[in-house]
Amino acid sequence: MRWLQALIPTTKEDPVQAQVLSHKLMLRGGMIHQLASGVYSGLPLGTRVLHKISAVIREEMDGMGGQEVILPILQPLQLWQQSGRVGQYGPLLFRMQDRKEAAFCLGATHEEVVACLLRDCLRSYRQLPLLVYQIQTKFRDEIRPRFGLMRGREFLMKDGYSFCLDPQQTREIYQRVRATYERIFARCGLKVVVVEADSGDMGGSSSHEFQVPAQAGEDVLIHCTACGCAVNQEVLGELVPGDVNQQQQQTECPRCHQAAVTRQRGIEVGHIFDLGTKYSDAAGAVVQDGQGKQVPLHMASYGIGVGRVAAAIMEQNGAEGRMHWPVSVAPFHVALIAVGHTDRVRQAADDLYVALQREGVQVLYDDRPERLGVKFKDADLVGCPLRVCVGERGLQQGVIELQEGGEDSSQETVPLQSAVTHIAGRVRTKQAKRVLTHFRFVHSLGSFALGIGGKSGAAVQSR
RNA sequence: CGGGGUGUAGCUCAGCUUGGUAGAGCGCCUGCUUUGGGAGCAGGAAGUCGUAGGUUCAAAUCCUGCCACCCCGACCA
């Protein structure tokens with residue numbers, strides 16, 4: 001993308017509305033634009049990041065046998081009445097009526113909808129375990145939207161739902177999704193901790209949150225080095241005394257009562273729930289098992305806040321006026337900067353821009369007639385993993401300059417002739433590192449869960 | 001929903017106390033000079049002062065209602 005004509009409205013100053021780092025960076029970097037409280041437009045850069053994160057999620061979910069679907073955003077309110085969630089969840093729902101004055105709401109989550117879907121469309125227990133997911137905008141009339149994409153009233157979420165024959169099968173899938181989630185976040189360059197959580201209005205027996213430790217986090221995480229428990233403070237039903245902002249301070253563990261508790265703030269980027277049969281019962285979602293008996297489907301649900309992941313990455317990898325994206329989710333691989341305005345520089349930069357793209361490298365080419373300082377400051381904000389400068393000074397020696405993202409990375413020179421292969425190679429290496437760390441293979445859910453290939457039906461029956 | 005705060009140009013703000021009909025910096029447009037970390041000079045475009053009403057000869061300024069946004073609490077991906 002050529003910067004001159006791109007919609008990237010960077011700003012020199014922090015917008016007043018933003019308090020936390022990720023929000024400031026997103027606004028200053030021209031990634032998002034606020035329309036109303038908790039409602040944002042995604043500008044080209046922000047949209048690209050959300051797409052990249054979504055792509056990682058899709059790869060991993062598909063890789064473990066998940067099937068992507070698109071569930072309706074427009075939902076009959078009646079569904080929520082049947083599941084009994086209008087009560088607690090009610091105020092969070094955006095409601096509306098159709099022309100016949102029938103009550104509808106916008107999808108805040110899809111347990112009800114997907115339970116109905118499976119009730120009608122599941123043909124045989126042989127299809128189980130089944131995992132469907134979608135990546136879609138969710139609507140919640142939050143009491144207090146804040147911090148940009150961290151808590152919006154309209155936000156992009158990946159929600160997944162598994163259906164099993166029994167609790168045991170659900171536990172297996174649950175554990176596998178948990179492992180998949182850890183891979184997803186690792187590929188996004190995030191350090192996460194998994195904590196026990198409160199399942200809240202969602203219902204069900206057990207739930208875990210994926211928390212990114214960060215000052216800007218809205219949750220407080222408790223970790224006990226003695227008993228090993230890691231929980232969200234809200235689970236304990238009591239406040240652990242002391243100052244959250246003093247990480248080193250150790251207090252008594254509410255579980256094992258040893259003074260070995262550390263606490264930190266966290267951003268909840270994912271949450272998984274073992275739901276039992278709550279929604280299946282409400283929807284009448286049953287299946288005939290191997291003995292011909294009607295049994296309710298056992299359900300679990302799995303969420304990831306896509307925008308929140310982006311915000312969390314920025315909290316972890318950003319600084320004032322500066323971002324550094326991991327290649328996997330960066331808006332562009334390379335920021336290409338034309339230094340100076342001579343014909344020779346322009347020609348060389350133009351050529352490099354075209355050649356790199358031909359090699360599959362995603363390039364943000366700053367071709368604006370701006371001064372260098374302006375281009376560098378903006379490049380700092382956008383935070384591409386690699387920065388390439390083409391300038392008169394280098395061209396005289398037949399080289400361009402290459403720099404890794406990040407604050408104090410050193411600069412190296414690369415001969416112009418080998419620049420394309422060198423840069424493309426560097427991008428591939430950075431990507432490969434992640435792929436190798438997270439090696440995986442595609443297989444069906446059933447065969448994995450049962451530890452054998454093929455005859456999943458028979459195996460379920462023998463259980 | 002309770003408590004606090006803010007609404008004036010695309011952005012950050014001054015002007016309001018003491019009413020007299022709107023300003024600065026940044027950004028944007030034109031020209032010249034600059035050009036290796038947010039340039040200089042000259043010229044220019046841009047605002048129903050959140051909104052509705054009231055007081056007044058006269059309201060950005062005083063009064064009342066409403067709305068929006070931000071911050072602190074409950075909520076969540």
Side-chain angles (χ1 to χ4, degrees), chain A residues 9-20 23-24 27-28 30 33-39 53 57 88-93 107-110 135-160 181 184-185 192 197-202 207-212 217-219 232 234 239 266-273 301-312 321-322 337-342 345 368-381 387 389-396 400-401 403 411:
Chain A
T10 57
T11 65
K12 200 186 279 192
E13 292 170 290
D14 279 338
V16 270
Q17 22 163 239
Q19 310 296 318
V20 300
H23 193 192
K24 287 179 187 172
L27 289 170
R28 282 196 59 194
H33 177 258
Q34 181 169 15
L35 183 64
S37 181
V39 181
I53 295 168
I57 293 173
Q88 328 98 325
Y89 221 96
L92 227 54
L93 294 176
T109 176
H110 286 71
I135 299 175
Q136 186 193 59
T137 303
K138 294 286 181 285
F139 297 84
R140 293 181 189 175
D141 195 0
E142 291 282 341
I143 298 165
R144 190 146 102 82
R146 59 178 155 184
F147 302 156
L149 295 198
M150 207 95 94
R151 180 189 290 285
R153 294 192 294 172
E154 176 183 320
F155 60 97
L156 192 60
M157 170 166 150
K158 171 263 155 186
D159 47 325
Y181 269 33
I184 289 170
F185 295 126
V192 300
D198 187 351
S199 48
D201 293 335
M202 200 66 84
S207 90
H208 289 88
E209 286 171 348
F210 294 77
Q211 293 272 358
V212 175
E218 299 180 274
D219 292 310
N232 188 320
E234 65 193 20
L239 293 183
I267 301 166
E268 180 191 355
V269 289
H271 199 156
I272 60 180
F273 305 85
S301 80
Y302 314 96
I304 293 178
V306 180
R308 229 181 233 188
V309 168
R322 165 181 295 275
I337 298 177
V339 181
H341 310 293
T342 62
V345 165
R368 295 175 297 174
E370 290 287 350
R371 296 171 71 85
L372 185 62
V374 174
K375 295 188 180 188
F376 277 169
K377 290 288 185 190
D378 277 346
D380 289 342
L381 276 172
R387 177 180 304 184
C389 290
V390 178
E392 197 60 46
R393 205 167 70 188
L395 288 180
Q396 280 168 11
I400 53 101
E401 289 136 36
Q403 195 174 6
Q411 190 173 287

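Proteins come first, then strands; the chains are lettered A, B, ... in the order of their sequence lines, and each starts at number 1.
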Fill in: salt bridge (Lys or Arg N to Asp or Glu O under 4.0 Å) partners of A:D141, counting only residues at least two apart
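Residues passing salt bridge (Lys or Arg N to Asp or Glu O under 4.0 Å) with A:D141: A:R153.
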Partner set under side chain to side chain contact (heavy atoms under 4.5 Å, CB included) for [X], not counting sequence neighbours:
{"X": "A:L149", "result": "A:M26, A:I32, A:Y40"}
{"X": "A:Q396", "result": "A:R344, A:E392"}
{"X": "A:K24", "result": "A:D14, A:A18, A:E320"}
{"X": "A:E154", "result": "A:V39, A:T137, A:F139"}

Rounding to the closest angstrom, what is the interatomic distance between [N] and [M] at atom [atom1]?
{"N": "B:rA46", "M": "B:rG27", "atom1": "C1'", "answer": "11 Å"}
{"N": "B:rU55", "M": "B:rC69", "atom1": "P", "answer": "31 Å"}
{"N": "B:rG53", "M": "B:rA59", "atom1": "C1'", "answer": "13 Å"}
{"N": "B:rU64", "M": "B:rU6", "atom1": "P", "answer": "15 Å"}
{"N": "B:rG50", "M": "B:rA45", "atom1": "C1'", "answer": "24 Å"}
{"N": "B:rU8", "M": "B:rC49", "atom1": "C1'", "answer": "4 Å"}
{"N": "B:rG65", "M": "B:rC70", "atom1": "P", "answer": "23 Å"}
{"N": "B:rC57", "M": "B:rC13", "atom1": "C1'", "answer": "33 Å"}

Watson-Crick or G-U wobble mate for [N], both contacts under 3.5 Å:
{"N": "B:rU61", "value": "none"}
{"N": "B:rU6", "value": "B:rA68"}
{"N": "B:rC32", "value": "B:rG40"}
{"N": "B:rU56", "value": "none"}
{"N": "B:rG23", "value": "B:rC13"}

Worksheet entry | Any side-chain donor near an acceptor of the partner, A:D159 and A:Q136, under 3.5 Å | no
Practice prompt. Taking only Lys NZ, Arg NE, NH1 and NH2, and the carboxylate oxygens of Asp or Glu, determine whether A:E218 and A:R146 approach each other closer than 4.0 Å.
Written response: yes
Worksheet entry | Reading 5' to 3' through nucleotides 29-42 of chain B, protein heavy-atom contacts under 4.0 Å coded B for base, S for sugar-phosphate only, - for none | -----BBBBBB---
Fill in: nucleotides 68-77 of chain B: protein proximity per nucleotide (B base, S sugar-phosphate only, - neither; heavy atom, under 4.0 Å)
-SSBBBBBBB
Worksheet entry | Partner set under ring-ring contact (aromatic ring centres under 6.0 Å, His included) for A:Y89, not counting sequence neighbours | A:W80
Practice prompt. Go through the structure and list residues passing ring-ring contact (aromatic ring centres under 6.0 Å, His included) with A:H271, not counting sequence neighbours.
Written response: A:F273
